[in-house]
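First, the structure itself, so that you have it in front of you.
Nothing fancy with the numbering, it's 1 onward along the sequence. Atoms within each ligand, like the ligands themselves, are counted from 1 in listed order.
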Amino acid sequence: MPDQKKLAQAAQVFKQARYPVALTGAGVSTPSGIPDFRSPGKGLWKKADPFSVASIWGFIEQPQSFYDWLKPLAGLMKTARPNPAHHALAQLEALGKLNAIITQNIDGLHQSAGSQRVLEVHGHLRQATCIRCYHMVDAQPLFDKFIRDGAVPHCEICGGVMKPNAVLFGEMMPVGIMYEADQESKKCDVMLIAGSSLEVAPAADLPLVAKKNGAQLIIVNKSSTPLDGVAAVIIRDDVAVALPKLVELVQK
Ligand code: ZN
């Protein structure tokens, strides 16, 4: 059971918030069956060294290894559904109590749950781009074909390799999205951090930007984070349990 006192505290902070934003990580999608894709020692990392497989250099040298590694995730893109944590955040936005979600997730589940303003700092898997001519297409048909025949998807125009629009290691974050995420972090007076261990940049940096500009941090995560010491409220619980309860209390 989530800590009622902490939840009540968090709800109070939210009720008084003028411009709350959320920052979400892999922990928000694990209840939907999406494996943790970036945290070392977890999820997809157990099977391969992501620094080589899921880096832009690895991708260019061995696209087959990348696609083999991505296969479980590519398959899940079609079947995974938003969980109560995603729905709770969408509800907060609908209530006028959330101005944006900054997410490290590439699965698009916030949008599936109905969230409108989602800043995907690590890109997404909805589309893929040719690394030679930058031709862009919907990714799902490519994934479907890859799951059927196991062959690396190539560009229909020039024959180059197609890369999903997710940010790989060694690649730049999307500049426009990062700018917006930074602006939101400066503007917010409350940052709700959910399902992120805050170890990987930029998730590790944005809460500090928010804090420096006077925001209160609320952290909902199963394990401790490096920013626990500066958070106003820490809820050490499953996001799919705690966030719906928080939304309930915010409406009271
Ligand atoms: Zn091409």
Report task. Verify, without hydrogens or angle tests, whether Glu199 (side chain) and Ala204 (backbone) share a donor-acceptor contact under 3.5 angstrom. Result ->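 Not a single qualifying donor-acceptor pair exists.
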Query raised in the report: According to the interplanar angle, ranging from 0 to 90°, do the rings of Tyr67 and Phe146 count as parallel (below 30°), tilted (30 to 60°) or perpendicular (above 60°)?
Result: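 Ring orientation, 0 to 90° scale: tilted.
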Query raised in the report: Do you know how many protein N, O or S atoms are within a distance smaller than 2.8 Å of the Zn ion (ligand 1)?
Result: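 My tally for this metal is 4.
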Query raised in the report: Which one of Gln104, His86, His110 satisfies the side chain to side chain donor-acceptor pair (under 3.5 Å) criterion with Thr24?
Result: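 Only one of Gln104, His86, His110 forms a side chain to side chain donor-acceptor pair (under 3.5 Å) with Thr24, namely His110.
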Query raised in the report: Is Asp107 paired with Arg126 through a side-chain N to carboxylate O contact shorter than 4.0 Å?
Result: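 No, no charged N to carboxylate O under 4.0 Å.
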Query raised in the report: Is a side-chain donor or acceptor of Lys211 paired with a backbone partner of Gln216 at a separation under 3.5 angstrom?
Result: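 Flag not set: sc Lys211 to bb Gln216 has no pair under 3.5 Å.
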Query - Member of Ile219, Val241, Val220 meeting the side chain to side chain contact (heavy atoms under 4.5 Å, CB included) criterion with Ile235 - result: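 Testing each of Ile219, Val241, Val220 against Ile235, the sole residue satisfying side chain to side chain contact (heavy atoms under 4.5 Å, CB included) is Val220.
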